Amino acid sequence: MSVTELDTPLYQRVGENLYQLNIQTTAKQVRMKNAEQGDSDVQQEIEALRDAVKNVLSANDAMLFKGVVNQDSDIAAADYGAGWTYKVGTAGTYKGQKCEVGDLIVCVKEYADPAADSDWTVIQTNIDGAVTGPERAVSENLASFDGATGRIIKDSALKTADVADAVTKKHSHTNKADVLDKLSAQNGALLFDGQPLGDGLVDVASASSIDSIPSNLRDGGLLIVSAGA
């Protein structure tokens with residue numbers, strides 16, 4: 001038996017006037033035709049549509065913005081879901097991670113009792129003063145600035161080991177043990193092997209024997225010859 005659907009308005013007479021009736025209905029009373037799944041009501045269609053949208057968002061890792069936070073306690077402590085996103089309004093520590101103004105705090109795991117800081121990650125959007133470098137560099141090479149901005153570095157081609165070796169050799173001398181290590185200062189005077197260097201001002205020309213030369217200047221000591229010698 002086929003059913004003919006009629007779309008007939010209803011009226012009510014009040015005195016000499018006719019008023020169209022607007023009958024109140026609920027979502028469950030309004031039927032919707034669906035050739036594939038069978039007829040359903042508006043309530044069922046709304047719930048199905050809500051679940052479909054939720055599944056699409058979850059499948060695409062969509063982020064749901066929840067607001068700006070100024071302290072860690074502004075972030076939901078329970079019943080949060082993956083994709084919930086907060087923007088940092090005040091620099092500080094959020095979910096155990098240091099954040100700057102403008103950074104994003106994103107939930108990567110739906111709440112499960114007990115809550116954990118690892119349920120969240122931080123996306124750094126504030127990169128003031130960040131330094132960038134080349135796509136590739138040689139391992140153990142020192143970095144140097146590229147330009148005058150202080151924000152770009154490059155491979156200097158200088159190896160750490162080579163620089164360290166050069167510094168070591170710079171301070172190495174063949175007479176280090178015999179001369180340099182014996183030099184010191186005391187009360188503004190320069191000492192050699194603990195003795196004032198003034199004790200060694202001798203006139204070589206007038207020195208009659210080794211005994212006339214101070215003992216601290218003998219046997220490899222430092223002998224300072226006066227300008228007139």
Side-chain angles (χ1 to χ4, degrees), residues 26-28 30 32 34 36-37 40-171:
T26 65
K28 289 185 178 181
V30 179
M32 299 183 68
N34 187 325
E36 296 180 356
Q37 302 296 331
S40 61
D41 57 48
V42 172
Q43 180 68 28
Q44 292 173 324
E45 290 294 325
I46 292 176
E47 291 177 356
L49 179 60
R50 180 187 299 157
D51 290 339
V53 171
K54 182 178 179 181
N55 291 335
V56 170
L57 293 177
S58 298
N60 288 278
D61 274 341
M63 295 186 294
L64 179 63
F65 183 65
K66 303 297 289 186
V68 178
V69 294
N70 295 295
Q71 55 189 4
D72 190 59
S73 58
D74 291 340
I75 300 175
D79 299 326
Y80 47 77
W84 283 29
T85 304
Y86 294 90
K87 183 178 180 180
V88 176
T90 301
T93 301
Y94 296 81
K95 298 305 176 185
Q97 302 183 60
K98 184 178 180 181
C99 299
E100 302 291 341
V101 175
D103 289 347
L104 298 178
I105 305 170
V106 182
C107 178
V108 295
K109 182 181 179 182
E110 190 168 347
Y111 170 77
D113 189 27
D117 287 351
S118 58
D119 294 344
W120 303 83
T121 190
V122 172
I123 300 176
Q124 294 185 338
T125 61
N126 186 335
I127 56 172
D128 290 344
V131 177
T132 59
E135 292 184 1
R136 294 184 179 181
V138 178
S139 178
E140 299 301 324
N141 276 9
L142 294 174
S144 62
F145 285 111
D146 187 357
T149 65
R151 297 187 178 184
I152 305 175
I153 59 174
K154 63 181 179 180
D155 189 331
S156 70
L158 296 174
K159 291 189 174 297
T160 304
D162 292 343
V163 173
D165 184 57
V167 172
T168 299
K169 290 179 178 178
K170 174 70 176 178
H171 297 284

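We're numbering straight along the sequence, starting at 1. Model, not experiment: these values are computed from the prediction.
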Undergrad: From E110 CD over to D79 CG, what is the distance, rounded to the nearest 0.5 angstrom?
TA: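 Answer for the CD-CG pair, E110 versus D79, is 9.5 Å.
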
Undergrad: Out of the candidates N70, V69, V68, only one should pair with T90 under the side chain to side chain contact (heavy atoms under 4.5 Å, CB included) rule; please name it.
TA: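 Among the candidates, only N70 passes.
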
Undergrad: Side chain of D155, backbone of V138: donor and acceptor closer than 3.5 Å?
TA: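 Between the backbone of V138 and the side chain of D155 there is a qualifying donor-acceptor contact (under 3.5 Å).
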
Undergrad: Please tabulate, for side-chain N and O atoms in residues 95-109, each donor-acceptor pair with protein atoms closer than 3.5 Å (sequence neighbours left out).
TA:
from: D103; atom 1: OD1; to: T125; atom 2: N; distance (Å): 3.0
from: D103; atom 1: OD1; to: N126; atom 2: N; distance (Å): 3.2
from: D103; atom 1: OD2; to: E100; atom 2: N; distance (Å): 2.8

Undergrad: Just wondering, are more than 12 heavy atoms of other shown residues or ligands nearer than 6.0 Å to CZ in F145?
TA: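 Open: at most 12 neighbouring heavy atoms sit under 6.0 Å from CZ of F145.
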
Undergrad: Tell me the closest heavy-atom pair linking I75 and Y94, and the distance in Å.
TA: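 Distance-wise, the nearest heavy atoms are CD1-CD2, 4.1 Å.
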
Undergrad: At what distance, to the nearest 0.5 angstrom, does CZ of F65 lie from CH2 of W84?
TA: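 Answer rounded to 0.5 Å: 13.0 Å.
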
Undergrad: Could you grab the distance from atom NZ of K66 to atom CG of D74, nearest 0.5 Å is fine?
TA: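 One finds 13.5 Å between NZ of K66 and CG of D74.
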
Undergrad: Please list, chain by chain and in numerical order, all residues satisfying salt bridge (charged side-chain N to carboxylate O under 4.0 Å, His left out) with D72, sequence neighbours excluded.
TA: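 So D72 forms no salt bridge (charged side-chain N to carboxylate O under 4.0 Å, His left out) with any residue.
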
Undergrad: Considering all heavy atoms of both residues, which atom of I153 and which atom of A143 are nearest to each other, and what is their separation?
TA: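 Scanning both residues completely, I find the closest heavy atoms to be CD1-CB, 4.2 Å.
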
Undergrad: Just by distance, do the side chain of S139 and the backbone of A137 share a donor-acceptor pair under 3.5 Å?
TA: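 Answer holds: no.
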
Undergrad: Which pairs pass side chain to side chain donor-acceptor pair (under 3.5 Å) with one or both residues in residues 115-124, sequence neighbours excluded?
TA: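 Qualifying pairs, neighbours excluded: Y80-D119.
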
